[in-house]
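To start, the structure under review is shown below, and the notes come after it.
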Amino acid sequence: MRPITISAENARIDPGNPRWSAPVAAGPVLAVIVPTFNERANVPELIKRLDAALAGVAWEVIFVDDDSPDLTADAVRAAAQRDSRVRCLQRLGRRGLSSACIEGMLASAAPFLAVMDGDLQHDERLLPAMLETLRSDGLDIVVGSRYVAGGGTEGLDASRLRISRLATRLGRRFVPETLTDSMSGFFMLRREVLPEVARELSGVGFKILLDIFASSKRPLRFRELPYEFRPRHAGESKLDSQVAWEYAMLLLDKLVGRYVPVRFIAFSIVGGFGMVLHLLILTVAYQGIGMEFVTGQVVATGIAMTFNYAVNNALTYRDRRLKGWGWVRGWVSFVVSCSIGAFANVGIAAWLFSRQYEWVLAAIAGILVGAVWNYAVTFVYTWNKPRRA
């Protein structure tokens with residue numbers, strides 16, 4: 001094999017070697033980060049539109065796919081075989097739009113980074129204006145806004161529009177007053193901003209733009225450019241009731257995350273609902289049907305424990321959600337891991353009740369003692385590592 005040589009004149013790999021005949025090309029100026037989940041049908045059209053919109057710009061697109069069941073990643077890799085500007089970053093065992101955007105941005109060396117959805121609702125024709133604005137005006141970030149003059153929300157139905165505006169109001173304290181569309185998922189920033197905020201980002205939920213503004217230790221220089229939010233091209237919206245939960249967790253993390261892990265906050269909220277359920281079941285068992293107190297406490301503990309596991313699996317650990325037989329194995333792990341807490345729960349409640357304490361106080365004391373164990377133990381043994389069903 002002939003040695004690889006680098007020419008000092010043009011830094012090209014030895015053109016005499018047929019295996020290494022292509023010149024070393026400069027990296028892209030702009031990276032477009034597209035988080036995807038079940039967007040296979042949209043991939044070819046988005047690449048086509050980016051190619052038309054970014055003529056004359058050295059760009060790349062990084063699809064960050066959360067192991068889509070529709071094999072979106074395979075469609076991206078097939079496109080990448082035809083176009084070297086297309087890249088695929090497939091994530092296994094975890095989900096989340098914000099964390100996908102963070103990983104995609106960190107995976108590129110481009111000096112300018114754009115984020116947009118893969119459903120074609122964001123207008124790719126705005127990207128050149130965003131880039132020119134960042135280059136010429138010394139800004140940190142340019143936001144595609146639906147709410148400034150010239151923008152529009154045609155692609156949002158009435159309910160989603162109300163939710164978007166409510167979320168914007170709730171997040172107002174974390175962003176500049178003049179930012180009209182903090183819920184926008186369409187923006188571009190200078191690479192220098194990323195290392196300033198990356199380690200402070202929550203990576204929770206869908207609203208990465210708010211996270212960036214809230215995590216910056218200095219006011220970010222920004223400008224909003226209008227665009228019309230379009231109807232989805234293909235596929236189904238990923239927004240569901242859990243998005244509201246994740247958004248609430250993001251806001252809580254920005255408020256107290258430096259002191260208390262956001263997962264613990266979520267786990268505690270779920271535990272609070274579990275405690276209410278526990279007391280309701282115990283009330284029915286003990287006072288309603290005359291069951292022995294200790295027996296009622298055991299029944300209530302088992303049902304509340306299953307409730308807590310199911311809800312935490314769906315919400316608190318959504319990015320590590322267990323399914324199928326994995327759900328069953330996780331439930332077993334959860335029950336076994338919490339066994340010490342459960343025995344403490346029942347034992348302490350029974351002991352206090354036998355000492356003539358009010359049955360409600362005895363039950364609450366048992367719950368609180370068990371809860372001390374639940375979070376730490378299940379974090380380690382039930383959801384510690386991403387699992388697949």
Carboxylate-amine/guanidinium contact Glu228 Arg146, below 4.0 Å = no

query = Can you tell me how far CD1 of Ile303 sits from CG of Leu280, rounded to the nearest 0.5 angstrom?
reply = 11.0 Å

inquiry  = Tell me the closest heavy-atom pair linking Ala314 and Arg321, and the distance in Å.
reply    = O-NH2, 3.6 Å

inquiry  = Determine whether the aromatic ring centres of residues Phe334 and Trp327 are separated by less than 6.0 angstrom.
reply    = no

query = Parallel under 30°, tilted from 30 to 60°, perpendicular over 60°: which one fits the rings of Trp383 and Tyr309?
reply = parallel

request  = Output yes when a side-chain donor or acceptor of Thr306 lies under 3.5 Å from a complementary backbone atom of Gly302, and no otherwise.
outcome  = yes

Whether Ser136 side chain and Glu132 backbone form a donor-acceptor pair below 3.5 Å = yes

Side chain to side chain donor-acceptor pair (under 3.5 Å) between Asn42 and Glu39, worked out = CA-CA 5 Å; Asn42 291 322; Glu39 299 286 2; 2.6 Å; yes

message = Test your reading of the model: is there a side-chain donor-acceptor pair from Asp181 to the backbone of Tyr147, 3.5 Å cut-off?
response = no

side-chain contact (heavy atoms from CB on, under 4.5 Å) involving Ile102 - partner list, sequence neighbours excluded = Leu106, Leu201, Ile208

Main-chain N/O of Ala110 paired with Ser108 side-chain donor or acceptor, under 3.5 Å = yes

ask   = For atom CD of Gln81, is the number of surrounding heavy atoms from other residues, nucleotides or ligands below 6.0 Å larger than 12?
value = no

request  = Verify the ring-centre separation between Phe213 and Phe222: is it less than 6.0 angstrom?
outcome  = yes

inquiry  = Closer than 3.5 angstrom, by distance alone: can the side chain of Asp70 be matched with the main-chain N or O of Arg40 as a donor-acceptor pair?
reply    = yes

remark   = In Asp67, Thr72, Asp65, the residue satisfying side-chain hydrogen bond (donor to acceptor under 3.5 Å, both in side chains) with Gln90 is Asp67

query = Got a donor-acceptor contact below 3.5 angstrom from the Tyr286 side chain to the Met291 backbone?
reply = no

Other residues, nucleotides, ligands: >12 heavy atoms within 6.0 Å of Arg199 CZ = no

query = Does Ala79 have any side-chain contact (heavy atoms from CB on, under 4.5 Å) partners at least two apart in sequence or in another chain, and if so, which?
reply = Ile47, Arg82, Val86

key: Salt bridge Asp66-Arg91, side-chain N to carboxylate O under 4.0 Å   = yes

ask   = Would you find more than 12 non-hydrogen atoms of other residues, nucleotides or ligands less than 6.0 Å from Arg191 atom CZ?
value = yes

task = Work out which heavy atom in Arg87 is nearest to a heavy atom in Glu60; give both atom names and the distance.
result = CD-OE1, 3.1 Å

Derivation and outcome, side chain to side chain donor-acceptor pair (under 3.5 Å), residues Thr180 and Ser145 = CA-CA 7 Å; Thr180 67; Ser145 174; 2.9 Å; yes

key: Check ion pair Arg221-Asp137 (N to O, under 4.0 angstrom)   = no

request  = Looking only at non-hydrogen atoms, find the nearest pair between Ile33 and Ala100 and report the distance.
outcome  = CG2-O, 4.5 Å

request  = Indicate yes or no: does Lys48 engage Asp51 in a salt bridge with an N to O separation below 4.0 Å.
outcome  = no

